[in-house]
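Written out below as structure tokens is the structure these notes cover.
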Amino acid sequence: MIVNITNYLDERLAKSMILHGELVRVHGVGVLISGKSGMGKSEIVLELIQRGHQLVADDRVDCFRIHNQLIGRPTPMIEGFMELRGVGIIDVEKMYGIASITKQTNIDLMITLESFRNTSDYDRVGIEEKTYQEILGIKILEMRIPVSAGRPMATIIETAVMNYLLLIQGTDSAKEFEERVLKEIAKNRDEEEEA
């Protein structure tokens, strides 16, 4: 009984804030997709839903810090709905089925979309220091992903999530690749010295 009361009070008195973006569950990972208005966030999320992932919140995400975890929920008025420019408001659950939405998720990963610029220095290998966003005192891994015409953004986000899952299990693909390259360089140097 005391545990139930404590949990109830923790949730009712939790620190909270509102974020602009899309919240979706991809392979069980809560992904907050942020970026400037007009970047195509809703369209990307719609494609993810069509691939079997779940919408949590469109455009406005209510965030709560509960038991040292960041939880994201939709505001009740727009729960299960999305706005698509040129189409209007759609009812995701009625269009794609009950499994296409969920009422809340942990926020595990933040993907920030930005317009592709030739002058920007994007992380191409993944060796660089990881960046984090702090939300309500909790650090969330952030990936900056450039958007340009023709890029399959839903596939890229699915890939980013799978790479994140590998990372939290202890597999860093970029570091493994770097080690392989360094071994090859050392091997070639040894062969040249022997010749």
Do I157 and Y96 land in one hydrophobic cluster if side-chain heavy atoms of ILVMFWY residues count as linked below 4.5 Å?
yes
The criterion is side chain to side chain contact (heavy atoms under 4.5 Å, CB included); which residues satisfy it with I138, sequence neighbours excluded?
R65, L70, I140
Euclidean distance, E114 CD relative to R144 CZ, rounded to 0.5 Å:
4.0 Å
Can you list the residues that meet the side chain to side chain donor-acceptor pair (under 3.5 Å) rule with N188, with sequence neighbours excluded?
none
Taken in chain and number order and not counting sequence neighbours, the residues that satisfy side chain to side chain donor-acceptor pair (under 3.5 Å) with S100 are none
Atom of L48, atom of V26 and distance for their closest heavy-atom approach:
CD1-CG2, 4.2 Å
Which value, rounded to the nearest 0.5 Å, describes the distance between M39 atom CE and S34 atom OG?
9.5 Å
Could I get the full list of side chain to side chain donor-acceptor pair (under 3.5 Å) partners for T102, not counting sequence neighbours?
none
So, for A160 and I111, which heavy atoms are closest and what is the spacing to 0.1 Å?
CB-CD1, 4.2 Å
Within this structure, what is the CD1-CD1 distance for the pair I44 and I145, rounded to the nearest 0.5 Å?
9.0 Å
Just to verify, what does E43 make a salt bridge (Lys or Arg N to Asp or Glu O under 4.0 Å) with, not counting sequence neighbours?
none
Could you tell me whether the side chains of T112 and E142 share a donor-acceptor contact shorter than 3.5 Å?
yes
Which residues share a ring-ring contact (aromatic ring centres under 6.0 Å, His included) with H20, sequence neighbours left out:
none
Where do G80 and L55 come nearest, in terms of heavy atoms and distance?
C-CD2, 4.4 Å
Are the side chains of H27 and M162 in contact, using a 4.5 Å heavy-atom criterion?
yes
For N163 and S173, the nearest pair of non-hydrogen atoms, with its separation, is OD1-OG, 3.5 Å
If you apply the rule side-chain contact (heavy atoms from CB on, under 4.5 Å), what do you find for K139 with Q133, and how did you get there?
CA-CA 6 Å; K139 288 185 176 180; Q133 273 290 342; over 6 Å; no
Is the closest side-chain donor-acceptor distance between S42 and D58 under 3.5 Å?
yes
Measuring only between side-chain heavy atoms, which start at C-beta, is L167 closer than 4.5 Å to K130?
yes
Side-chain heavy atoms nearer than 4.5 Å, only ILVMFWY residues, links allowed to pass through others: does that put M17 and I66 together?
no
Checking D108 side chain against G30 main chain: does a donor-acceptor pair fall under 3.5 Å?
yes
Under the criterion side-chain contact (heavy atoms from CB on, under 4.5 Å), I'd like the reasoning laid out for I101 against V56: C-alpha separation, chi angles, the key distance, then a yes or no.
CA-CA 6 Å; I101 65 165; V56 181; over 6 Å; no
Applying salt bridge (Lys or Arg N to Asp or Glu O under 4.0 Å), name anything that partners D62, two or more places apart in sequence or on another chain.
R60
Partner residues of S37 under the side chain to side chain donor-acceptor pair (under 3.5 Å) criterion, sequence neighbours left out:
R85
Taking atom CE of M110 and atom CE of M143, what is their separation to the nearest 0.5 Å?
12.5 Å
Do the side chains of L84 and V147 join up, straight or via other hydrophobic residues, at under 4.5 Å, putting them in one cluster?
yes
Are F64 and R73 close enough that some pair of their side-chain heavy atoms sits under 4.5 Å apart?
yes
Do the side chains of L109 and Y132 join up, straight or via other hydrophobic residues, at under 4.5 Å, putting them in one cluster?
yes
Hey, any chance I33 and V161 share a hydrophobic cluster, counting ILVMFWY side chains that come within less than 4.5 Å of each other, even indirectly?
yes
Cut-off 3.5 Å, no hydrogens considered: what does the side-chain donor-acceptor table look like for residues 148-155, sequence neighbours left out?
from	atom 1	to	atom 2	distance (Å)
R151	NH1	P146	O	2.5
T155	OG1	R51	NH1	3.2
T155	OG1	R51	NH2	2.9

Are V92 and L46 packed together at the side-chain level, in the sense that at least one heavy-atom pair is separated by less than 4.5 angstrom?
no
Test of understanding: with side chain to side chain contact (heavy atoms under 4.5 Å, CB included), list the residues that count as partners of M95, not counting sequence neighbours.
I90
Which heavy-atom pair separates V24 from Q54 by the least distance, and what is that distance?
CG2-O, 2.8 Å
Nearest heavy-atom contact between L19 and C63 is CD1-SG, 3.2 Å
Quick one: NZ on K41 to CE on M82, what's the gap to the nearest 0.5 Å?
10.5 Å
By side chain to side chain contact (heavy atoms under 4.5 Å, CB included), which residues pair with I98, not counting sequence neighbours?
E93
Distance (rounded to the nearest 0.5 Å) between K187 NZ and K183 NZ
11.5 Å
For residues 29-38, pull every pair meeting salt bridge (Lys or Arg N to Asp or Glu O under 4.0 Å), keeping only residues two or more places apart or in separate chains.
none
